[in-house]
Amino acid sequence: MDNILYHHETLPMGECAIGTNTTAYVLARKYEIESKLPILIAEKTGPHFAFGDTCYSHSEDLAVYNPDGKEIIARDNECSALRKTDPARAYFNCHTDITLPYDELGELSAVHPDGSTTPVISGGRFVLPGCEDLNLPFDE
């Protein structure tokens with residue numbers, strides 16, 4: 001666990017991306033080119049989580065835009081939001097990326113405060129209503 005927690009007892013989730021590059025995942029598997037993908041593409045080819053600081057660590061107040069001109073507004077988490085009031089608790093100085101391949105994933109579910117769950121992915125496919133289009137690359 002030290003390679004994820006970096007000797008911290010707990011860390012916040014710094015980032016979560018699900019379904020951002022399913023097409024790249026399918027193509028990389030089909031043509032067996034996973035090892036040739038640039039890391040910024042490869043790390044988003046499956047459900048992707050980062051623990052520790054956000055990828056915008058120490059730069060949350062700078063406006064960042066996607067190529068389509070839309071501002072990326074999710075640059076903070078509950079810890080980095082403390083940077084102005086309690087800077088010692090705002091950052092952990094680590095960021096560990098974890099990507100789970102769809103074909104190795106049994107289930108990914110949201111857990112609600114009451115302990116109930118809502119499946120998002122099951123058997124490597126998106127099952128949350130409204131996310132059906134994210135399965136299209138698997139079927140092409």
Peer 1: Side chains of Ser57 and Tyr91: is there a donor and an acceptor less than 3.5 Å apart?
Peer 2: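 Checked: Ser57/Tyr91 side chains show no N/O donor-acceptor pair below 3.5 Å.
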Peer 1: Could you please spell out the steps behind the side chain to side chain contact (heavy atoms under 4.5 Å, CB included) verdict for Asp139 and Arg125?
Peer 2: CA-CA 11 Å; Asp139 301 325; Arg125 295 293 182 112; 3.1 Å; yes
Peer 1: Can you find a heavy atom in the side chain of Lys36 that is under 4.5 Å from one in the side chain of Ile41?
Peer 2: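 No, too far: nothing below the 4.5 Å cut-off.
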Peer 1: Shortest non-hydrogen contact from Pro119 to Ser109?
Peer 2: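 Heavy atoms of Pro119 and Ser109 come nearest at CA-OG, 3.3 Å.
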Peer 1: Treating Asp53 as the side-chain partner and His95 as the backbone partner, does any N or O pair qualify as donor plus acceptor under 3.5 Å?
Peer 2: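 The answer is no, because no donor-acceptor pair under 3.5 Å joins these two groups.
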Peer 1: If I take atom CD from residue Glu15 and atom NZ from residue Lys44, how far apart are they, to the nearest 0.5 angstrom?
Peer 2: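 That separation rounds to 4.5 Å.
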Peer 1: Test side chain to side chain contact (heavy atoms under 4.5 Å, CB included) on Tyr25 and Asp103; report intermediate values, then the result.
Peer 2: CA-CA 10 Å; Tyr25 169 82; Asp103 62 352; 3.1 Å; yes
Peer 1: Establish, yes or no, whether a centroid distance under 6.0 Å links the rings of Tyr6 and Phe51.
Peer 2: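 Tyr6 vs Phe51: aromatic centres not under 6.0 Å.
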Peer 1: May I ask whether Met13 and Ile18 are part of the same hydrophobic cluster, defined by side-chain heavy atoms of I, L, V, M, F, W, Y residues being less than 4.5 angstrom apart, directly or through others?
Peer 2: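 Yes; Ile18 is reachable from Met13 via cluster members.
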Peer 1: Can you see which heavy atom on Asp76 is nearest to which on Ser80, and at what distance?
Peer 2: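 Scanning both residues completely, I find the closest heavy atoms to be OD1-OG, 2.8 Å.
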Peer 1: Would you find a donor on one side and an acceptor on the other, under 3.5 Å apart, between the side chain of His48 and the backbone of Glu43?
Peer 2: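 Yes; at least one donor-acceptor contact below 3.5 Å.
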Peer 1: Kindly say whether Asp68 contributes a backbone atom to a donor-acceptor pair with the side chain of Asn66 at under 3.5 angstrom?
Peer 2: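 No; zero donor-acceptor contacts below 3.5 Å.
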Peer 1: Looking at OG1 of Thr22 and OH of Tyr102, how far apart are the two atoms once the value is rounded to the nearest 0.5 Å?
Peer 2: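 That separation rounds to 3.0 Å.
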Peer 1: In the structure I gave you, are the side-chain heavy atoms of Pro101 and Arg29 within less than 4.5 Å of one another anywhere?
Peer 2: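 Heavy-atom side-chain distance check passes, below 4.5 Å.
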Peer 1: Between Asn93 and His58, what is the shortest heavy-atom contact and its length?
Peer 2: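 The answer is OD1-NE2, 4.0 Å.
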Peer 1: Any side-chain heavy-atom pair from Asp61 and Arg83 closer than 4.5 angstrom?
Peer 2: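 Asp61 vs Arg83: side chains touch.
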Peer 1: So with a 6.0 Å cut-off around CD of Glu32, is the heavy-atom count from everything else above 12?
Peer 2: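 No, CD of Glu32 has 12 or fewer neighbouring heavy atoms, counting only those of other groups under 6.0 Å.
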Peer 1: Roughly how far, to the nearest 0.5 Å, is CG of Asp97 from CZ of Phe49?
Peer 2: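 Rounded to the nearest 0.5 Å, the CZ-CG separation comes out at 11.5 Å.
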Peer 1: Determine whether Arg75 and Val64 make a side-chain contact, defined as any pair of heavy atoms from C-beta on separated by less than 4.5 Å.
Peer 2: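 Side-chain contact under 4.5 Å: yes.
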Peer 1: Do you know the tightest heavy-atom contact between Asn77 and Gly52?
Peer 2: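 Shortest heavy-atom contact: ND2-O, 3.9 Å.
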Peer 1: Find the distance between CD1 (Ile72) and CG (Leu62) and round it off to the nearest 0.5 Å.
Peer 2: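 If I round to the nearest 0.5 Å, the distance is 12.0 Å.
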Peer 1: State whether Lys84 and Glu60 are salt-bridged, where the test is any N-O pair (Lys NZ or Arg NE/NH1/NH2 against Asp/Glu carboxylate O) under 4.0 Å.
Peer 2: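 Judged by the 4.0 Å cut-off on N to carboxylate O distance, Lys84 and Glu60 do not form a salt bridge.
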Peer 1: Quick check for you: to the nearest 0.5 Å, what is the distance between Ser122 atom OG and Leu128 atom CG?
Peer 2: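 Those atoms lie 12.0 Å apart.
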Peer 1: Find the distance between CG (Leu27) and CD1 (Ile33) and round it off to the nearest 0.5 Å.
Peer 2: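 Leu27 CG to Ile33 CD1: 7.0 Å, rounded to 0.5 Å.
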Peer 1: Do you know the tightest heavy-atom contact between Thr99 and Gly46?
Peer 2: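 Scanning both residues completely, I find the closest heavy atoms to be CG2-N, 3.7 Å.
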Peer 1: Is it true that atom CZ of Arg89 has more than 12 heavy atoms of other residues, nucleotides or ligands lying nearer than 6.0 Å?
Peer 2: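 Not buried by this count: 12 neighbours or fewer within 6.0 Å.
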